[in-house]
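FYI, the numbering just counts along the sequence from 1. Read the numbers this way: they start at 1 and go in the same order the structure lists the ligands and their atoms.
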Amino acid sequence: MSETGQIDSNMIPQHIAIIMDGNGRWAKERGKERSYGHQVGVEVAREIAEASAKLGVKYLTLYTFSMENWNRPVEEISALMTLLLDAIEEEVFMKNNISFRVIGDINRLPLHIQERLSSCIDRVSGNTGMCLVLALSYSSRWEIADTAKRIAAEVQNGTMTLNDINTEMFGKHLTTGFMPDPDLLIRTGGEIRLSNYLLWQCAYSELYFCDTYWPDFKESELVKAISDYQKRERRFGKTSEQVS
Ligand code: IPE
Ligand code: IPE
Ligand code: MG
């Protein structure tokens, strides 16, 4: 059977969010530095982005660097920043017709990375295939609090009233407001937690946890996760009879 043979191409999740975890442990098991795990992890991210685009996924949101990750040793942060800089290649986006966005507190990133990101975002903005979203210096609680602040300012200056506030409009004001909520959230690396990722947006996402360390997560594992997702019944509070 081909790798994609086990999934229904008519039921591909529109939006997949991934917590790419396990790079450090993967490297350590091989007697290598953590940064080697990150290096291989970047390659895998590229492969999974290309595979997702080919499968027909519309949005892929990758947890690349959390706000909490700023607390890691400076050498590791700096290695990650260098890898990020090298990884943002227009070529990959152009070849696969992928557009690009970032979410998170981007202002905390080094200026040259901010510039590289925005130039790449602009250059590939005409691409009409999948949208790749990198969560960088991202924290879901920060995002929610920041959104509340921006909405409060609009109420204060009169461009909005209190009655305009509801869950739908709040979701649209989040940095992820341009895309639908994730249908499927994947976390690799064996931990069963969300680590401050897309807490609002994953209210009704299907969650998939696997032990595979991110550097070992291949296209076949992605297919396995989608296949698992396709077996689930998404009820959104209704009964099985109502949705079937
Ligand atoms: C995920 O791998 C990558 C980032 C958080 C940047 P880790 O670096 O967390 O790897 P483990 O969890 O320590 O193995
Ligand atoms: C979550 O992984 C962040 C990213 C994958 C970028 P962590 O490895 O930082 O998560 P915790 O700290 O173990 O929860
Ligand atoms: Mg980790």
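There is no protein heavy atom closer than 4.0 angstrom to atom 12 (O) of ligand 2.
Inclusion of D21 in the first shell of the Mg ion (ligand 3) is supported: an N, O or S atom falls under 2.8 Å.
Checked by distance only, ligand 1 and L80 stay at 3.5 Å or farther apart across all their nitrogen or oxygen atoms. Residue-to-ligand polar distances place S195 within reach of ligand 2: an N/O pair is separated by less than 3.5 Å.
Looking at heavy atoms from C-beta onward, M130 lies out of side-chain contact with K54 at the 4.5 angstrom threshold.
Distances from atom 3 (C) of ligand 2 to the heavy atoms of D21, T188, N69 show the closest one on N69.
Ligand 1 lies within reach of G22, whose nearest heavy atom is under 4.0 Å from it.
Of all the atoms in ligand 1, the ones that sit under 4.0 Å from a non-hydrogen atom of H38 are 3 (C), 8 (O). Ligand-side atoms of ligand 1 in range of T64: 6 (C), range being under 4.0 angstrom from any heavy atom. Of all the atoms in ligand 1, the ones that sit under 4.0 Å from a non-hydrogen atom of R34 are 7 (P), 8 (O), 10 (O), 13 (O). Within the listing of ligand 1, atoms 11 (P), 12 (O), 14 (O) sit less than 4.0 angstrom from a heavy atom of R25. Counting the atoms of ligand 1 from 1 in the order shown, those under 4.0 Å from a heavy atom of R72 are 5 (C), 7 (P), 8 (O), 9 (O).
If you look at Y208 and Y229, their ring centroids are not closer than 6.0 Å.
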_Audit row: E68, N196, side chain to side chain contact (heavy atoms under 4.5 Å, CB included) steps and yes/no_ = CA-CA 9 Å; E68 289 77 14; N196 210 358; 2.8 Å; yes

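Residue contacts with ligand 2 for R193 involve side-chain atoms from C-beta outward but no N, CA, C or O (heavy atoms, distance under 4.0 Å). Only the side chain of R187 comes within contact range of ligand 2, with a heavy atom under 4.0 Å; no backbone atom does. Looking at F65 against ligand 2, only its backbone comes within 4.0 Å, counting heavy atoms.
Taking the ring axis of Y36 as reference, the NZ or CZ atom of K32 stays within 45° of it and closer than 6.0 Å to the ring centre.
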